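Working notes, structure below.
Predicted, not measured: the structure shown is a model, and the values here were computed from it. Atom set for the values below is all heavy atoms of this structure, side chains included, hydrogens, waters and symmetry mates excluded.
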Amino acid sequence: MNLSILIPLLNEEESLKELYSWIIKVMQSNNYSYEIIFVDDGSTDDSWNIIESFSNENPNVKGIRFMKNFGKSQALHAGFAKAKGDVIITMDADLQDSPDEIPGLFEMITKEKFDLVSGWKKKRYDSVVAKNLPSKLFNWAARKTSGVELNDFNCGLKAYKNTVVKNIEVSGEMHRYIPVLAKNAGFNKIGEKVVIHQARKYGETKFGMDRFINGFLDLITIWFLSRFGKRPMHLFGLLGSIMFMIGFLLALYLGIDKLFIHKTSRLITERPHFYLSITSMIIGTQLFLAGFLGEIILRTKSNEARYKVAREVNF
């Protein structure tokens, strides 16, 4: 199978029929063998009924319905697990991503041998203050932190080799950082393609300004996980040991000073250095224990599902 088109969605009943017709037109004009996987992330409108109608008329259309809203990362994870195409294309359901970009993305994976190609919405039709400027700042921070040179990490239009999506773990709100996850998994040929960004035609965006705050917090998380996720003791143990040694050496100095140098001076407990040394040793011990507990958790954690599927069609 050439292509798996993966579309996570939440309450997009108005745009689904137009999007579906557009994708089918592109598939047929290029003679692709394909599947379209809609992942309904707990919609409360008529989205699921529309998806079922697509699947009834076209066996290449498949659907996954979550019991409630679990988030875009979980929707992508569920779709990646089911995808069978040699190339997986992800796109949003709001018609801001153009299906006409699919052939170009497909060729970059199959002919230019990229592992992952991310869309770059160079010209955007979003609010400059509410979205464009925060997005530029966010992408700059992501480039500097991750080392992945992309201009638009958050673009939903991306193409992947099948082996990429089967070897990355998308959880929490990490869908913004799939290129970073791919790089950390050993897939280094990551490219970018300028794509058309269309003004939203129906409804309203499902993401508010809090996505940028969450994005930066997730960036810190993924930075930590990429470097110390498999060895937390290397970070916390080192910091804890340094803090403890600083506190211990300071306490040792105070003891020697009191016993052998200034025997008649004020009590140690009256000196602020004493409390600094005690605090340093306590913080050092806590950091060391954090690393130790992190190592234990890594070895005992279970892979519990992060979402619940209510229904599936055509799988």
Side-chain angles (χ1 to χ4, degrees), residues 4-16 19-20 35-52 54-55 61-84 88-97 118 138 153-158 160 164-182 184-185 200 202-222 224-225 229 297 301-315:
S4 293
I5 311 298
L6 174 56
I7 305 170
L9 62 107
L10 175 65
N11 296 331
E12 297 288 358
E13 62 179 358
E14 295 174 306
S15 63
L16 282 177
L19 175 65
Y20 170 70
E35 64 179 1
I36 304 173
I37 304 174
F38 290 98
V39 184
D40 183 352
D41 188 19
S43 294
T44 55
D45 62 4
D46 205 38
S47 294
W48 179 250
N49 292 330
I50 295 172
I51 293 168
E52 283 191 318
F54 295 157
S55 67
V61 176
K62 303 174 182 181
I64 300 171
R65 186 184 191 187
F66 285 175
M67 296 182 70
K68 66 173 188 176
N69 178 235
F70 286 98
K72 187 174 182 178
S73 291
Q74 280 57 244
L76 289 173
H77 184 274
F80 286 157
K82 297 288 188 179
K84 297 179 180 178
I88 288 84
I89 304 283
T90 61
M91 61 191 308
D92 294 334
D94 55 11
L95 293 174
Q96 290 190 283
D97 296 332
S118 180
F138 165 79
F153 281 82
N154 204 34
C155 179
L157 187 58
K158 290 182 172 67
Y160 312 82
V164 174
V165 303
K166 301 300 183 183
N167 285 281
I168 58 175
E169 187 77 10
V170 188
S171 60
E173 293 290 324
M174 294 299 179
H175 58 273
R176 302 176 182 90
Y177 302 109
I178 292 179
V180 183
L181 297 175
N184 292 342
R200 189 176 180 93
Y202 304 106
E204 297 178 350
T205 180
K206 308 302 186 296
F207 301 99
M209 284 295 293
D210 61 336
R211 71 183 179 129
F212 294 106
I213 298 173
N214 295 336
F216 282 114
L217 294 175
D218 290 336
L219 185 60
I220 296 171
T221 299
I222 205 167
F224 172 79
L225 291 176
I297 292 169
K301 69 175 183 177
S302 60
N303 293 318
E304 182 181 353
R306 300 182 301 274
Y307 49 85
K308 303 294 182 183
V309 175
R311 293 186 64 184
E312 294 181 356
V313 292
N314 281 352
F315 285 106

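Judged by distance alone, with hydrogens and angles left aside, the side-chain atoms of S47 form a donor-acceptor pair with the main-chain N or O of E12 at under 3.5 Å. Looking at D41, its side chain never comes within 3.5 Å of a backbone N or O of A75 through a donor-acceptor pair. Of the possible donor and acceptor atoms, none in the side chain of S73 sits under 3.5 Å from a partner among the backbone N and O of V170. Here the side chain of N69 pairs no donor or acceptor atom with the backbone of G42 at under 3.5 angstrom.
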- request: Could you check I51 against L9 for side-chain contact (heavy atoms from CB on, under 4.5 Å), going step by step and ending with a plain yes or no?
  value: CA-CA 11 Å; I51 293 168; L9 62 107; 3.9 Å; yes
- request: Using the side-chain contact (heavy atoms from CB on, under 4.5 Å) rule, take F38 and V313 through it: C-alpha gap first, then chi angles, then the decisive distance, then the call.
  value: CA-CA 10 Å; F38 290 98; V313 292; over 6 Å; no
task: List the steps and the verdict of side-chain contact (heavy atoms from CB on, under 4.5 Å) for L157 and I89.
output: CA-CA 7 Å; L157 187 58; I89 304 283; 4.1 Å; yes
message: Evaluate F66 against D40 for side-chain contact (heavy atoms from CB on, under 4.5 Å), listing each step before the verdict.
response: CA-CA 6 Å; F66 285 175; D40 183 352; over 6 Å; no
- request: Could you go through the salt bridge (charged side-chain N to carboxylate O under 4.0 Å, His left out) check for K82 and E35 one step at a time?
  value: CA-CA 10 Å; K82 297 288 188 179; E35 64 179 1; over 6 Å; no
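Residues F153 and K158 come closest through the heavy atom pair O-NZ, 2.9 Å. Across every non-hydrogen atom of P8 and K72, the tightest pair is CG-CE, 4.1 Å. Counting all heavy atoms, side chain and backbone alike, D94 lies closest to S15 at CA-OG, 4.0 Å. Taking every heavy atom of both residues into account, A93 and I7 meet most closely at CB-CG2, 3.6 Å. Between A182 and V164, the closest heavy-atom pair is CB-CG1, 4.0 Å. Nearest approach of K166 to A83, heavy atoms of both residues: NZ-O, 3.0 Å.
A 6.0 Å sphere centred on NZ of K84 holds no more than 12 heavy atoms belonging to other residues, nucleotides or ligands.
Within the model, atoms CG of N11 and CH2 of W48 stand 14.0 Å from one another, a figure rounded to the nearest 0.5 Å. Note: N154 CG to I178 CD1 = 10.0 Å, rounded to the nearest 0.5 Å. Interatomic distance, SG of C155 versus CG of D92, reported as 8.0 Å (0.5 Å rounding). Separating the CG atom in L181 from the CZ atom in R176 is a distance of 12.5 Å, to the nearest 0.5 Å. Here I50 contributes atom CD1 and D45 contributes atom CG; the two are 7.0 Å apart, rounded to the nearest 0.5 Å.
Between L6 and V165 the shortest side-chain heavy-atom distance does not fall below 4.5 Å. Taking 4.5 Å as the limit, some side-chain heavy atom of I5 sits within range of a side-chain heavy atom of M91.
Annotation: cation-pi pair K68/F70 present, NZ/CZ under 6.0 Å from the ring centroid and within 45° of its normal.
Using cut-offs of 30° and 60° for the angle between ring planes, the F54 and Y20 rings count as parallel.
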